[in-house]
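Notes to accompany the following structure.
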Amino acid sequence: MSLFYRSTRSQDKKVTASQAILQGLAEDGGLFVPERIPALEVPMEQLADMSYQQTAYEVMKLFLDDFTEEELKGCIERAYDEKFDTPQIAPLVKQDEAWYLELFHGATIAFKDMALSILPHLLTTSAKKNQVKNEIVILTATSGDTGKAALAGFADVPGTRIIVFYPKDGVSPIQEKQMVTQKGKNTFVVGINGNFDDAQTGVKKIFGDKELAKEMEQAGFQFSSANSINIGRLVPQVVYYVYAYAKLYKAGSIGKGEKINVVVPTGNFGNILAAYFAKNMGVPIKKLICASNDNKVLYDFFTTGEYNRNREFILTTSPSMDILISSNLERLIYKLAGEDAEKNKAFMKKLSEEGKYTITEDMKSRLSDFAGGFATEEEVAEEIHRMYEKTGYVMDTHTAVASCVYRKYKETSGDETKTVIASTASPYKFTRSVMNAIDSRYDSMGDFELVDELSSISKTAVPKAIEEIRTAPVLHDTVVEVEGMKAIVKKFLSM
């Protein structure tokens with residue numbers, strides 16, 4: 001039985017997986033969701049012996065069933081190759097009281113590589129399948145990591161162009177350097193005077209601009225997205241939760257059918273939603289623990305049932321989570337509303353007009369899979385310091401949010417379930433924050449001095465992604481106001 005996708009905001013139109021990947025966002029502004037979550041077809045005993053690439057095929061073929069075996073395996077092989085610095089792709093490391101699922105071994109040393117190394121191949125394959133003649137323009141807002149991972153994935157991919165918007169003063173120095181030094185004739189990077197939510201709202205507005213879509217069509221272009229709103233981003237993320245469970249089982253760390261908890265540092269809600277999909281496919285996950293930083297809009301939602309973005313936006317040392325509008329939460333709201341598109345649409349209208357909505361008691365009762373927690377800036381620094389002093393393991397700021405939330409959750413709940421923590425970025429991406437947390441004497445060092453010092457104290461090699469930008473020239477220096485985003489897109493496309 002074929003698996004089709006619908007918009008979270010209307011029931012009438014069904015599309016195939018490749019059509020959903022191509023469109024990115026549904027025409028009505030909703031997000032594409034599968035009509036059902038498919039169950040895993042292979043028993044855990046078999047998955048335990050599979051490589052990352054084999055696991056990816058077993059999971060993704062169920063969601064992307066209009067891809068042939070040859071097409072999908074080709075995409076997987078081209079994505080998960082020597083770009084990753086370990087053949088395991090996503091290794092599990094036991095430290096202290098949990099397993100850290102290291103999702104930062106790809107080309108740009110953040111978890112976004114896990115999906116963005118395959119998305120360009122899924123997209124270009126989808127274009128061929130649907131006889132698309134237009135050039136595809138990837139339009140993306142980033143809070144730091146998606147931008148570089150998308151740029152690296154799409155650089156010089158034939159038939160595509162990519163435009164990335166980022167908050168000029170809202171990313172780490174290393175994140176910014178990674179983006180503005182990006183090579184590729186088809187790449188364009190723009191800083192905006194605003195925060196990530198401004199960038200994301202601006203991009204959504206451009207997507208919804210019908211007049212612009214007509215102009216684009218006439219000029220031979222069409223938009224698609226590399227943000228986690230694209231189902232082609234979400235599906236590859238499900239893979240690593242299946243893989244992590246299978247590897248724990250293979251190692252004898254868990255028994256057959258034993259449940260685990262998963263902790264995910266969360267901003268846009270895509271990464272934890274992928275874990276929720278994995279649970280619904282049959283992976284024995286007990287609790288999905290959603291870890292927030294000081295921008296704790298999701299923690300408040302899970303605690304009260306009210307989603308309210310009307311609050312101060314706080315710039316933290318975990319910038320990829322500095323988000324007040326968690327786009328992917330809409331997919332969960334749709335599910336909680338019994339897949340009632342009209343009900344979901346009403347919530348999203350309230351969010352757009354009033355900046356908040358409150359789910360019903362019935363919907364709240366369906367949130368038992370989740371627990372929420374948050375860590376303050378002070379707690380994040382303490383957790384990095386504590387972990388280094390205790391084990392010698394150095395974690396980045398986002399992983400430290402999750403690690404801290406896990407410890408607090410364990411203390412208050414008494415839940416001793418074995419736990420996997422999603423480690424979403426390399427500490428080399430946030431060296432200043434990480435090194436200052438370990439010892440304040442590092443404060444006077446330059447960015448790349450800190451890189452070398454981190455390598456020395458952690459006994460790890462400096463990642464290639466960092467070595468490459470030490471002396472790389474800045475190739476992108478455009479900065480615009482939020483109102484100028486559409487104009488700069490047209491300028492880049494010579495329209």
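When reading the values below, keep in mind they use all heavy atoms of this one structure, side chains included, and skip hydrogens, waters and symmetry mates. Keep in mind the model is a prediction, meaning the values are calculated, not measured.
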Can you find a side-chain donor-acceptor pair between [X] and [Y] that sits under 3.5 Å?
X      : Y      : value
Asn328 : Arg331 : yes
Thr460 : Tyr428 : yes
Asn308 : Asn310 : yes
Ser423 : Thr399 : yes
Gln23  : Ser224 : no
Thr86  : Gln88  : yes
Ser225 : Asn230 : no
Thr360 : Asp362 : no
Asn271 : Tyr240 : yes
Thr108 : Lys148 : no

Contact summary for [X] and [Y], nearest pair of heavy atoms:
X      : Y      : answer
Gly338 : Arg366 : N-NH1, 3.5 Å
Lys279 : Lys286 : NZ-O, 3.1 Å
Gly30  : Glu330 : CA-OE2, 4.0 Å
Ala199 : Met485 : O-CE, 3.5 Å
Gln54  : Asp49  : OE1-O, 4.3 Å
Phe63  : Pro38  : CE2-CD, 3.5 Å

Can you tell if the side chain of [X] reaches within under 4.5 Å of the side chain of [Y], non-hydrogen atoms only?
X      : Y      : result
Lys61  : Glu41  : yes
Arg386 : Asp96  : yes
Ser143 : Pro319 : no
Met281 : Leu62  : yes
Phe430 : Ile174 : no
Tyr166 : Met179 : yes
Leu119 : Phe154 : yes
Phe165 : Leu139 : yes

Between Lys168 and Glu176, does any side-chain N to carboxylate O distance fall below 4.0 Å?
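Yes, this pair counts.
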What I want to find out is whether Asp300 reaches Arg311 closely enough, with some N-O distance under 4.0 Å, to be called a salt bridge.
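A salt bridge is present here (some side-chain N lies under 4.0 Å from a carboxylate O).
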Could you tell me whether a side-chain N or O of [X] sits under 3.5 Å from a main-chain N or O of [Y], the two making a donor and an acceptor?
X      : Y      : result
Lys287 : Ser368 : yes
Arg9   : Lys345 : no
Lys177 : Ile469 : yes
Thr266 : Phe269 : no
Ser352 : Met348 : no
Lys429 : Ile109 : no
Gln175 : Ser172 : yes
Asn268 : Ser327 : yes
Glu449 : Gly446 : yes
Ser440 : Asn436 : no

Under the salt bridge (Lys or Arg N to Asp or Glu O under 4.0 Å) rule, what do Arg432 and Asp447 come out as? Steps first, then yes or no, please.
CA-CA 7 Å; Arg432 188 159 296 283; Asp447 286 325; 3.3 Å; yes
Kindly determine whether Tyr241 and Val283 satisfy side chain to side chain contact (heavy atoms under 4.5 Å, CB included), including the steps that lead there.
CA-CA 8 Å; Tyr241 294 109; Val283 178; 5.8 Å; no
Give the intermediate values and the outcome of side chain to side chain contact (heavy atoms under 4.5 Å, CB included) for residues Leu329 and Leu332.
CA-CA 5 Å; Leu329 187 65; Leu332 180 66; 4.0 Å; yes
Before we go on, tell me: are the rings of [X] and [Y] under 6.0 Å apart, centre to centre?
X      : Y      : value
Phe370 : Tyr276 : yes
Phe347 : Tyr357 : yes
Tyr100 : Tyr393 : yes
His398 : Phe111 : no
Tyr80  : Phe84  : yes

Would you check, one step at a time, whether the test side chain to side chain contact (heavy atoms under 4.5 Å, CB included) holds for Thr419 with Val263?
CA-CA 7 Å; Thr419 296; Val263 191; 3.6 Å; yes
Rounded to the nearest 0.5 Å, how far apart are [atom1] of [X] and [atom2] of [Y]?
X      : Y      : atom1 : atom2 : value
Ile272 : Leu288 : CD1   : CG    : 5.5 Å
Lys418 : Tyr245 : NZ    : OH    : 9.5 Å
Asn280 : Lys335 : CG    : NZ    : 5.5 Å
Leu123 : Ile118 : CG    : CD1   : 12.0 Å
Ile333 : Asn344 : CD1   : CG    : 7.5 Å
Asn295 : Ile314 : CG    : CD1   : 5.0 Å

Hey, does the Lys NZ or Arg CZ of Lys408 hover above the aromatic six-ring of Phe374, less than 6.0 Å from the centre and inside 45° of the axis?
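The answer is yes, since Lys408 meets both limits relative to Phe374.
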Can you tell me which residue among Asp322, Thr397, Asp294 is in a side-chain hydrogen bond (donor to acceptor under 3.5 Å, both in side chains) with Thr316?
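Going through the options one by one, the only one that passes is Asp322.
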Determine whether more than 12 heavy atoms belonging to other residues, nucleotides or ligands lie under 6.0 Å from atom CG of Asp452.
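Atom CG in Asp452 is crowded, with more than 12 foreign heavy atoms closer than 6.0 Å.
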Within a 6.0 Å radius of atom NZ on Lys349, are there more than 12 heavy atoms belonging to other residues, nucleotides or ligands?
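Atom NZ in Lys349 is not crowded, with 12 or fewer foreign heavy atoms closer than 6.0 Å.
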Would Arg407 and Glu383 satisfy side chain to side chain contact (heavy atoms under 4.5 Å, CB included), going step by step from the backbone distance to the final call?
CA-CA 10 Å; Arg407 280 198 310 111; Glu383 184 67 7; 2.8 Å; yes
